[in-house]
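What you are looking at is a predicted structure, and each value in this text was computed from that prediction instead of being measured.
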Amino acid sequence: MTTVSARTVAGNLCLGSAPDSWGVWFPEDAHQVPHTRFLDELAEAGYKWLELGPFGYLPTDPSQLADEVGSRGLQVSGGTTFGALHRPHEWDQMVASTSKVAELAAAAGAHHLVFIPVMYRDEKTGAFTESPELTAEQWASFGARANELGKILLESYDVRLVLHPHADSHVQTQAEIERYLNESDSRYANLCLDTGHVAYGRGDAVDLIRRYSERIGYVHIKQMDAGIIEQVYAENLSFGEAVKRGVCVEPPAGVPNPATVVAALSALDAEVFVIVEQDLYPCAPDVPLPIAVRTREYLGSIGLSGSKRPGASA
């Protein structure tokens, strides 16, 4: 039997990183490094692709963004935004704000919009801001609104909506992820598989990859400390508190096993961006770069070193 190298096997995967791995959660915050330092260190760490992160952290003027990214030899994989698909009264405002992000991503040459459901606990205080469970009525419209928003983005900007499961959001557990997938249309709304957040919700990322392979449009590769996840459920911790305790760890520590995830992704009949994320907010300015370098080197050792753009010929 012929043995295929990991690098060849993972040839359909394209590696990048994001502001999140530099401790960036907000457009502006005193605890965060300036965007110029993030871009400098991203390039220094050896990455070629980046996600835009919270809208307003990186320049929102397309020409300035193109200059700052291009001058460092970087390219944009996608944009990021938050929204509440279960709140009809926020629909018009959400479409407008999401369209802004999609327009900027498209101007930068990207074709993905990572849509993160709003959290039901405050990011800084951990206080509950609404019920952690959607009503039957809210779920009934969730998939339809995801479809409608995805259709707008695709037809207006050639940008694909990929919904990102997130801790302390209404799409966190495996059952909630599957409900979203079953109620949405693959033409317009798919999944940004965040392996760490799936683990945080006690789900199985590899199982999702295998059973919903046609819906995996984009990936965030992330590891969580299994012991701290148990503390989350035992003590009813917020995600912000879990991050402060160090729930997000660099690979290969934590769950899920990144090598297993890469092997499953490499079997997909598609080319996929795999964006490194390690939630570090807040962190000292000198913390992210060494982690980013070690992470890239480790992922390269298991075959995830791709810098080519999905859709490009090898």
Evaluate whether atom [atom1] of [X] has more than 12 neighbouring non-hydrogen atoms of other residues, nucleotides or ligands under 6.0 angstrom away.
X      : atom1 : value
Gln93  : CD    : no
Asn182 : CG    : yes
Glu133 : CD    : no

[X]/[Y] ion pair, N-O < 4.0 Å:
X      : Y      : value
Asp29  : Lys124 : yes
Glu130 : Arg87  : yes
Arg215 : Glu178 : no
Arg37  : Asp286 : yes
Asp279 : Lys222 : yes

His35 vs Tyr57 aromatic rings, parallel, tilted or perpendicular, using cut-offs 30° and 60°? perpendicular
Does Asp20 form a side chain to side chain contact (heavy atoms under 4.5 Å, CB included) with Ile275? I'd like the steps, not just the answer. CA-CA 10 Å; Asp20 186 47; Ile275 304 301; over 6 Å; no
Residues Asp207 and Gln174: side-chain donor-acceptor under 3.5 angstrom: yes
Is it true that Trp139 and Glu183 share a donor-acceptor pair across their side chains at a distance under 3.5 Å? no
Test side chain to side chain contact (heavy atoms under 4.5 Å, CB included) applied to Val162 and Leu113, step by step: CA-CA 6 Å; Val162 284; Leu113 193 287; 6.0 Å; no
Working to the nearest 0.5 angstrom, can you tell me the gap between [X] [atom1] and [Y] [atom2]?
X      : Y      : atom1 : atom2 : result
Glu44  : Leu42  : CD    : CG    : 10.5 Å
Cys192 : His220 : SG    : NE2   : 4.0 Å
Tyr47  : Leu74  : OH    : CG    : 12.0 Å
Ile177 : Leu191 : CD1   : CG    : 6.5 Å
Ser213 : Arg210 : OG    : CZ    : 11.5 Å
Ser238 : Arg121 : OG    : CZ    : 5.0 Å

Ignoring hydrogens and angles, tell me if any N or O in the side chain of [X] forms a donor-acceptor pair with the backbone of [Y] under 3.5 Å.
X      : Y      : result
Arg245 : Glu241 : no
Asn12  : Ala270 : yes
Ser141 : Gln138 : yes
Ser169 : Pro117 : no
Ser21  : Val276 : yes
Glu148 : Ala144 : no
Tyr200 : Val247 : no
His111 : Asp158 : yes
Gln32  : Phe26  : yes
Arg296 : Ala45  : yes

Can the ring centres of [X] and [Y] be said to be less than 6.0 Å apart?
X      : Y      : result
His86  : Phe142 : no
Tyr120 : His170 : yes
His197 : Phe239 : yes

Same apolar cluster: [X] and [Y], side chain cutoff 4.5 Å:
X      : Y      : result
Leu280 : Leu39  : no
Leu299 : Leu289 : no
Ile291 : Tyr281 : no
Leu153 : Leu181 : yes

Stepwise side chain to side chain donor-acceptor pair (under 3.5 Å) check, Trp25 with Glu123: CA-CA 9 Å; Trp25 276 12; Glu123 290 173 281; over 6 Å; no
With a distance cut-off below 6.0 Å to the six-membered ring centre and an angular limit of 45° from the axis, does Arg160 pair with Tyr188 as a cation-pi contact? no
Can Phe115 and Val171 be said to form a side chain to side chain contact (heavy atoms under 4.5 Å, CB included), step by step? CA-CA 11 Å; Phe115 185 93; Val171 186; over 6 Å; no
What are the two closest heavy atoms between [X] and [Y], and how far apart are they?
X      : Y      : answer
Leu208 : Ile216 : O-CD1, 4.4 Å
Ala102 : Tyr157 : CB-CD1, 3.8 Å
Val118 : Ala84  : CG2-CB, 3.7 Å

Any chance you could lay out the side chain to side chain contact (heavy atoms under 4.5 Å, CB included) test for Val219 and Phe273, step after step, and finish with the verdict? CA-CA 6 Å; Val219 173; Phe273 279 114; over 6 Å; no
I need the single residue from Val114, Asp194, Leu161 that forms a side-chain contact (heavy atoms from CB on, under 4.5 Å) with Tyr218. Which is it? Val114
Going by side-chain contact (heavy atoms from CB on, under 4.5 Å), Val255 matches just one of Ile229, Thr195, Asp204, Val198. Which one? Ile229
Side chains of Met224 and Cys248 in contact at under 4.5 Å (non-hydrogen atoms): yes
